[in-house]
Amino acid sequence: MPAQVEGFGRYLDEIFGKVNKLETRVNEIEQFYSSTNDTQLNTPKHGSVVKDRVKERHVSSIEKQQQDALHREAAASKRMRELMRQFEKILDHLTRHKWAHPFMHPVDVKGLGLHDYNEIIEKPMDFSTIKNKMDDNGYKNVREIYADVRLVFKNAMKYNDERNDVHVMAKTLLEKFEQKWLQLLPKVAEEEKRREEEEAKAQIDLKLSQEVVHAKMARELSDELFEVDMQLEKLRQTVVQQCRKMSTEEKKKLGTALTRLSPEDLSKALEIVAENNPGFLPTAQEVDLDIDAQSEITLWRLKVFVQNKLRQSGKSSEGVDGNNINDHTTKSNSKRKGDNANSVSKNAMKRSRKATPNS
């Protein structure tokens, strides 16, 4: 018998190891869906239609989504380069103007004796700096270049008086530049809108892909948990078959020990009785527990539960000890069994209950 019990203990350890791994995966799924609920996607118009269509097609894998994102980004970069090429034509036309020479290079602050220039102008800018930055791919989009070109003229108008020639030249060139920019602006706006829609759709596709992956994981977990339940039920039946019939004296001691449980633990014990006794009402105002009427399965489960709870609370479990259940199994699995009892109990003990052992 001790060898059999030791084998049961090893088998339980193996099952509980599986359960621990499953719990980790369950937590991962819970965290995913929790973050999904906390950060809802701002779907564009007809976004739900897109979702349904993509789901019907079972959604691409996350890897494919990442590849698509790379291709999409490459295509967008190509279109942006074309816009920049068109903008560069505007800039070339502007720099060839007869009044462009004051703005071609950085202002010679020392040479011109402009000692207060850096105090007035926060960010100096000129056409050569802009062209060099364009050659080095320093701009992400056309609007960034547009902002720097305007800055060239705005700086000149800010530092120089309205009657100053440089101020007049800057104002004139800025007006010409704005006219050219308005011709290109519709294409820029169209591209920006397209990129925004593509990014929104990519976010939806990625989120749906993740949902499919986690839904599959949840199904697999459900199957594995069912398998663990079957293994535990098989083990429970085997253990019960190996247990001897509880004597009248042991039943009496068990009934007495039940009265020493805390209200919460007594509530859980009564839930154990109710599992195999549909007619038993553990939540009644007053409960009469007939120990002799309980099945051997229920009695041994109660005995193990009571032993564990009394030991955990520091109370003596003398009287309910001394059985054929190996101490190694009880000690190594007492925490797990206690946790299982916790999960079974749905309501704490709130009404008075009494256990009446029959001698």
Side-chain angles (χ1 to χ4, degrees), residues 5 8 11-12 15-16 19 222 225-326 329-331 333-359:
V5 173
F8 292 149
Y11 189 37
L12 276 173
I15 292 176
F16 293 146
V19 171
S222 177
L225 287 170
F226 178 77
E227 181 182 348
V228 169
D229 285 342
M230 293 298 99
Q231 290 175 332
L232 286 172
E233 177 61 23
K234 180 179 178 182
L235 180 61
R236 186 176 69 85
Q237 294 292 346
T238 303
V239 171
V240 170
Q241 291 173 5
Q242 298 295 329
C243 292
R244 60 175 171 78
K245 187 175 182 180
M246 191 174 287
S247 67
T248 302
E249 182 64 21
E250 286 176 313
K251 292 179 183 179
K252 182 177 180 180
K253 291 178 178 179
L254 175 59
T256 302
L258 283 168
T259 64
R260 298 169 58 201
L261 292 175
S262 67
E264 182 179 358
D265 288 337
L266 180 57
S267 175
K268 296 171 184 176
L270 296 177
E271 290 285 352
I272 294 176
V273 175
E275 286 183 30
N276 294 316
N277 190 350
F280 182 75
L281 300 177
T283 58
Q285 184 67 31
E286 189 174 283
V287 177
D288 289 321
L289 175 60
D290 186 356
I291 293 291
D292 288 334
Q294 305 308 312
S295 66
E296 292 299 322
I297 294 177
T298 299
L299 290 174
W300 284 102
R301 287 185 64 195
L302 282 175
K303 185 169 185 175
V304 171
F305 176 76
V306 170
Q307 286 176 340
N308 290 336
K309 290 302 178 181
L310 290 180
R311 287 172 182 170
Q312 290 174 6
S313 63
K315 298 179 182 179
S316 173
S317 58
E318 185 179 357
V320 288
D321 288 335
N323 54 69
N324 288 345
I325 298 179
N326 186 275
T329 304
T330 301
K331 291 178 181 178
N333 299 313
S334 63
K335 183 178 183 299
R336 177 65 66 173
K337 289 172 180 174
D339 292 342
N340 289 342
N342 288 335
S343 64
V344 170
S345 177
K346 294 182 177 62
N347 296 294
M349 180 70 170
K350 292 185 178 179
R351 289 173 287 270
S352 63
R353 296 173 183 148
K354 61 181 180 179
T356 58
N358 294 336
S359 55

- Item | Close side-chain approach of Asp265 to Gln312, heavy-atom, < 4.5 Å | no
- Task: Answer whether the closest heavy-atom distance between the side chains of Leu281 and Val287 falls below 4.5 Å.
- Result: no
- For Leu302 and Ala269 the tightest heavy-atom approach is CD2-O, 3.5 Å
- Message: So does Ser267 get a backbone contact from the side chain of Glu271, meaning a donor-acceptor N/O pair under 3.5 Å?
- Response: no
- Item | Where Phe305 and Leu261 come nearest, the two heavy atoms and their spacing | CE2-CD1, 4.3 Å
- In Å, rounded to the nearest 0.5 Å, how long is the span from NZ of Lys268 to OG of Ser262? 7.0 Å
- Task: Taking the side chain as every heavy atom from C-beta outward, state whether Glu296 and Leu299 have any pair of such atoms under 4.5 Å apart.
- Result: yes
- Under 4.5 Å between any side-chain heavy atoms of Glu250 and Lys253, yes or no? no
- Among Asn277, Leu266, Val273, the one residue meeting side chain to side chain contact (heavy atoms under 4.5 Å, CB included) with Leu289: Val273
- Item | Side-chain heavy-atom pair Leu258, Ile291 within 4.5 angstrom cut-off | yes
